[in-house]
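One-based numbering, in listed order, for ligands and for the atoms of each. These numbers come from a predicted model, not from an experiment.
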Amino acid sequence: MPPAPPPPPDADTVLREVFGFDAFRAHQREIVDHVVAGGDALVLMPTGGGKSLCYQIPALVRRGPGIVVSPLIALMQDQVAALRQYGVRAAFLNSTLDAAGARAVETALLGGDLDLLYVAPERLLMERTLELLGRSTPALFAIDEAHCVSQWGHDFRPEYIRLSVLHERFPQVPRIALTATADEATRGEIVERLALRRARVFVSGFDRPNIRYRIAESGGGSREALLRFIREEHPGEAGIVYCLTRRRVEEVAAWLQAKGLTALPYHAGLDAATRAGHQRRFLREDGIIVVATIAFGMGIDKPDVRVVAHLNLPRSLEAYYQETGRAGRDGLPADAWMLYGLQDVITLRRLQETSEADEAHKRVERQKLEAMLGFCELSTCRREALLRYFGDTPGGPCGNCDTCLDPPRSWDATTAARKALSCVYRTGQRFGVGHLVDVLLGADTERVRRWGHDRLSTYGIGTELDAAGWRDLLRQLIARGLLAVDAERHGALRLTDASRPLLRGESTLALRERRRRPARASAARAPADARADFGREADRRLWEALRRRRHELAQSQGVPAYVIFHDATLREMVVRRPGNREELAGVSGVGQRKLAAYGDAFLEIIAAHPAPAAGGGGGGERAGAPT
Ligand code: ADP
Ligand code: ZN
């Protein structure tokens, strides 16, 4: 009689021995147990929450290969490389493989030599692939980025709708759909389109506690502010900078380059090879800044992005949350930093007014922009507002956003606002911000004279504010719906019904004081810098040495550095200074295979950097802020 096959490992053993983690995170255990037992699941979890383990572990525990459907072809290679580092037998099947490569994967699949197979949806839907899967008895299907079934969303993929075929062809195979972005409507669409009515739904909160939200108004000079911020708080670290237009992307990237940063542009106007090259460098090299339109970033799997900066206003809180969510997937401190200005508000309002969309669509877009603007102008905790918007119930102010760390002051803007509104009225509600400010300040321009505006009662009455102050005020009036942007008239401002009580003296108005740049780190309780814990010189040196070793190992294999070990793992090595293999195995992220492959290489470096004697910390290196 042949020996019985060994019993499959249980989930805890896989978590510990393969991935090197001590404990499941909130929800992970429930989800894993449910799928291991053969149930269907819909998992809504924020970016960085740990969705991958929810299907990777059941795939390793159940018999047969786990099949992962993902639209992110560009990332599959790195995802597979990361799994192989853990000793997981993983492969991918998509259009980047040549015929021989695809055949090899198919053979491995049929031979029972794969634990996980990543497949592009269009590939999966080919009859040939479905047949192949039929012969390999999958352990499960994981449908990643499940919100791609939504026709309303920005990431709609028509092939996703056809994925219901999995249920029809493989009714006995459990399916787990995962996404980080799902409001009620999208959730409903996923359930409906993927035939997941019987699936258990797991909703984790939306909070990303390690991300610090900071927003400020820009009155020009936003590039300079960005550069200063990166130099002061994130030198040499990876970041994404979002701009609204391609031209601006090019300009900002070139400017940052000229200032000595490695900044790469990314937008739909670049050819595919350049785009792919820039994405690849971002994923593989340390300290790259990608300057991008929103075309960049969907499913960017890089765990150590320390900054997401916006130089323009995103068009909705959904977009803001998704884009900022690309920071700090590894759970270490990260920054969401944004500058926006009056021009953004006017541009977006005009785009909306002139768009071809039907009225219902326009109304939704308008509401989304309102919510985004309201969020920017808040004087209370940003995280609370963000979470509430997505239906969470936050537990109170977060202490890790600009309004918590450095509460904005408000001022009584009633008189100034009245002056501005009556200036709009007296000039006929047909002029834009620039001219209105000129009139308020009593500027002597050709335009003022041509229209006779120097004879108006509002001419020169606004000496209490400077031009930037008036622009700030007008922006807040627009944001609050007290002024409307007239699209037909190239951004002329007009009064709204809401502005009448204020004009008539029946109501008062308090506005936020202007903040010229996002709150400084010095105002913060804890630095948002992932390296900042290393007050001691010796620790800093060990950290740098570990990173160098990681870089060498990654380069020799042609994989991204984080695939060898995450920053969080290296950081724990610095803090715990393991002296032997056993101690190293206790560091989170060091599984059996990585211990065997890299343990000695890293132990050697740790041994060469002993901890300084207690009390004798070198200190000082970080004390002097870099200039
Ligand atoms: P998501 O896909 O939800 O954005 P990932 O699956 O990429 O998130 O996980 C985010 C990070 O958290 C990864 O670095 C992963 O290794 C880590 N992680 C996930 N689960 C755990 C856990 N139980 N213990 C420690 N680290 C974890
Ligand atoms: Zn807060």
Atoms in ligand 1 flagged as close to Gly48, the criterion being non-hydrogen separation under 4.0 Å: 1 (P), 3 (O), 4 (O), 8 (O), 10 (C)
The Zn ion (ligand 2): angle it makes with SG (Cys401) and SG (Cys404), nearest 10 degrees: 100°
Ala568, portion touching ligand 1 at heavy-atom distance under 4.0 Å: neither
Heavy-atom side-chain proximity of His147 to Tyr160 below 4.5 angstrom: no
Distance from atom 23 (N) of ligand 1 to nearest protein heavy atom, with residue and atom: Ala23 O, 2.9 Å
Other residues, nucleotides, ligands: >12 heavy atoms within 6.0 Å of Arg315 CZ: no
Ring centre gap for Tyr340 and His310 strictly below 6.0 Å: no
Rounded distance (nearest 0.5 Å) linking atom CZ of Arg382 with atom CZ of Arg212: 13.0 Å
Closest approach of any protein heavy atom to atom 5 (P) of ligand 1, naming residue and atom: Ser52 OG, 3.5 Å
Closest approach of any protein heavy atom to atom 9 (O) of ligand 1, naming residue and atom: Gly50 CA, 3.5 Å
Nearest-contact summary for atom 20 (N) of ligand 1 - protein heavy atom, Å: Gln28 NE2, 2.9 Å
Aromatic plane relationship, Tyr598 with Phe565 - under 30° parallel, 30 to 60° tilted, over 60° perpendicular: perpendicular
Sub-4.0 Å heavy-atom approach of Pro46 to ligand 1: yes
Element-labelled atoms of ligand 1 that are located less than 4.0 Å from some non-hydrogen atom of Thr47: 4 (O)
Distance-only donor-acceptor check, side chains Asp286 and His551, under 3.5 Å: no
Identity of the nearest option to atom 17 (C) of ligand 1, non-hydrogen atoms only, from Arg29, Arg329, His566, Arg25: Arg25
Parallel, tilted or perpendicular: ring planes of Phe202 versus His27, cut at 30 and 60 degrees: perpendicular
Identity of the nearest option to atom 24 (N) of ligand 1, non-hydrogen atoms only, from Tyr55, Phe21, Phe24: Phe21
Close approach, Pro303 and ligand 1, non-hydrogen under 4.0 angstrom: no
Plane angle bin for Tyr86 and Phe21 - parallel if under 30°, tilted between 30 and 60°, otherwise perpendicular: perpendicular
